[in-house]
Amino acid sequence: MTSIAFLALFAISIIGYVWNITAVNAIRKGGNRLHSLGYFHGMYAFLVSFIPVFVVILLWLLLQGPVIEWIVAGGLPAGEYDGLGTGEQQLVMAEIKSIARGTIFGEPEEWKIAAAERLTRLYTLSSRAMLIAVVALGLGLMFLSRSKVSAEFRARHGVEHIVSGLMIFCATTAVFVTIGIVASLLFETLKFFDKVSVSEFLFGTNWEPQIPLREDQVAAEGAFGWLPVILGTLVITAVALFIAVPVGLMSAIYLNEFAPCRLRAVVKPALEILAGVPTVVYGFFAVLTVAPAIRAFGAQIGIDVAPNTALAAGGVMGIMLIPFISSFTDDALSAVPRTLSDGALGLGATRAEMVTTVLFPAAIPGIVGGVLLAVSRAIGETMIVVMAAGLIAKMTLNPLDSVTTVTVQIVTLLIGDTSFDNPKTLAAFALGMMLFIVTLIINIFAIRIVRKYREAYD
Amino acid sequence: MYDTSISEKTVTQNSIKFSARNVQVHYGDTHAIKDVSVDIEDKTVTAFIGPSGCGKSTFLRCLNRMNDTIDICRVEGDIRLDGQDIYDKRVDPVQLRAKVGMVFQKPNPFPKSIYDNVAYGPKIHGLARNKADLDEIVERALRRGAIWDEVKDRLNEPGTGLSGGQQQRLCIARAVATEPEVLLMDEPCSALDPIATSQVEELMDELRKNYSLVIVTHSMQQAARVSQKTAFFHLGNLVEFGETGQIFTNPQDERTESYITGRIG
Ligand SMILES: Nc1ncnc2c1ncn2[C@@H]1O[C@H](COP(=O)(O)OP(=O)(O)OP(=O)(O)O)[C@@H](O)[C@H]1O
Ligand SMILES: [Mg+2]
């Protein structure tokens, strides 16, 4: 039934399109000048009938389930349903639905079978009603748009309005979905803060989330201070940027300004391939190659190095970020008009002077934006650190020590089946929330810096 | 040949700054400059005229090796500045460009303050000993560029915020500030009103006392007013080169004549 409704909608909209165009052609044959081209009249008819009816179908499909269930529940014999708790009500409803689908377990009560029949009947009724509504509304709108066709009718403006409305809708969807995600995260986070105080979480320097193995073991509750965890993230991020920013910038500047054409043609695609390597592969590289190498080197010069150092994880993450930063920088540099660098060279500047005094400052907004996005990525990166960083949270700034990160903790907290109401699991959401806030702040900074420089530079 | 006789005649008047012989320029497969030989004198304004796309800018850019920055561009032939081959391996294009300044066809102020735009050249060449010195250089250059009065209260605002004509004069000021021996100006007055144009022309006249100037212009009147020598380019060829008065009153080539009288171009 639903697919028939969609087909009917398509048919009606297309007929409306053709009909309006025919009408317009007739007017034009009559010798009148039209405000809008025939195409716009046709598009107007199409959009005016398609969009509202499409929305109606979607809403109908979304709402018919709950409404029908509500009607069925209302018709159940008194005392069998209304007295129950939510969980048990859901159970009864599920049973009725499965009976309606034809899968019957055991001997259901008589009233349940009756309710199932009612449910089936209502569904059939609903889908027929929907088809009728779709056709009626569609035809109505089609006639409405046909009645508007005239030489003066501003169909182009109408179409432009509708299309811009659609674009506004698309543009805001992402925003609203994000808000929804944050809201659900927030909900769990608040539950966490019911059990652990905000100040303990924010300022505590001890992170030992314990797993209560049995119900009565709650006494062994852990410590939930996030500082050592975020510190670990920051140490690894710092190591990563320490490698990625200089190398990325230098390689972009070299490729953009100094490299001979042929080298550029080879190296640039190579960098782009590097950007496509899955992070899990970088993780292998960190665990199997870099970490042992660092350890062996440390042993040679007599320093004791942990097996899973921040240096190994951060270093490999830095390698992962090099193509990211260099491609951002490259874009920013290429966007600077040729005439500017020519101007500097024409005044007798050397290439290096030109790059540092003209090209680079003009490209700064793009570069800073790219670097800050790289920071966000480093903070949120999960796979490499899950594989290569440690699990124990330590308050340390030493990159040769083993540290853990926010993302690693989230993963370990959520692994295995623990119920969703103890602080251990909820802590994962709190960490996720903090991660979101930190990256949000960084991104806001990025945008502000970019905007500030852009104002100063053109 | 006509043009060689002209250059022989003029040797006696002023020393020769640039001498170009059999210059060919290719952009990939496009042959943009075809076998051009010309002598550009010191203390003279030389005007390049010709229809759009005939290679005026290209030839101008050969004179300070700006064509080096274009990958597909190939320059052949012999161009000497004060007798020294500028395409010689030992010549540093950076030093050459400090001596041979250029004002580009499109205004290209740096995204810096007006002051920093003009101070750019003097700074990288170390022409100013201190801040006061630099201030003086900047003011002098902006005055010569006929833009001082308009910008003297907003020296710290970005040069890119100026109008098109103001940007053009800013670029002239910027080029003058480095005190080049030769100044190449590619349509320096294309966006200027008559008053600013006449101020820039005065500047050219003044600069001519010490320097050699080469200008590209689409205005016959301007060429006639400010230049002593005129070169007419057509389809990559140097068709005619000689005294400006001679070119405009008594052109030897019929292409020159029809261009000047407005029949081609
Ligand atoms: N960067 C370039 N790449 C390829 N071809 C070029 C380039 N610059 C110029 N040309 C070609 O060289 C020829 C001469 O160009 P040029 O810019 O010297 O003309 P022009 O005389 O300065 O014209 P105008 O008066 O319009 O400025 C043109 O045919 C042009 O297409
Ligand atoms: Mg030109």
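Here is the naming used below: chain letters follow the sequence lines, and residue numbers restart at 1 for every chain.
To the nearest 0.5 Å, atoms CG (A/Leu359) and CZ (B/Phe110) are separated by 11.0 Å.
Under the rule for a side chain to side chain donor-acceptor pair (under 3.5 Å), A/Glu160 has no partner lying at least two apart in sequence or in another chain. In this structure, B/His218 has no ring-ring contact (aromatic ring centres under 6.0 Å, His included) partners at least two apart in sequence or on a different chain.
With a 4.5 Å cut-off on non-hydrogen atoms, A/Ser341 does not touch chain B at all. Only the backbone of B/Pro109 comes within contact range of chain A, with at least one heavy atom under 4.5 Å from a heavy atom of that chain. B/Tyr120 touches chain A through its side chain: at least one heavy atom from C-beta onward sits under 4.5 Å away, while N, CA, C and O do not. Heavy atoms of B/Arg174 lying under 4.5 Å from chain A belong to its backbone as well as its side chain. Of the atoms belonging to B/Thr69, heavy atoms from both backbone and side chain fall under 4.5 Å from chain A.
Contacts between residues 343-350 of chain A and chain B, defined by a heavy-atom separation under 4.5 Å, are made by A/Gly343, A/Ala344, A/Leu345, A/Gly346, A/Leu347, A/Gly348, A/Ala349, A/Thr350.
Considering every non-hydrogen atom in both B/Thr197 and B/Gln222, the closest pair reads CG2-NE2, 3.9 Å. In terms of heavy atoms, B/Leu96 sits closest to B/Leu63 at CD2-O, 4.2 Å.
Between A/Tyr254 and A/Phe258, the ring planes are parallel. Angles under 30° get that label, and only those over 60° would be called perpendicular.
The pair B/Glu187-B/Lys56 does not count as a salt bridge, with every side-chain nitrogen at least 4.0 angstrom from each carboxylate oxygen. Ion pairing of B/Arg61 with A/Asp342 is present here, as a side-chain N (NZ or NE/NH1/NH2) and a carboxylate O approach within less than 4.0 Å.
Heavy-atom pairs under 4.5 Å with chain A peak, among B/Gln95, B/Met102, B/His125, at B/His125.
Residue pairs meeting the ring pair (Phe, Tyr, Trp, His ring centres under 6.0 Å) criterion with at least one member in residues 58-77 of chain B, sequence neighbours excluded: B/Phe48-B/Phe59, B/Phe59-B/Phe233.
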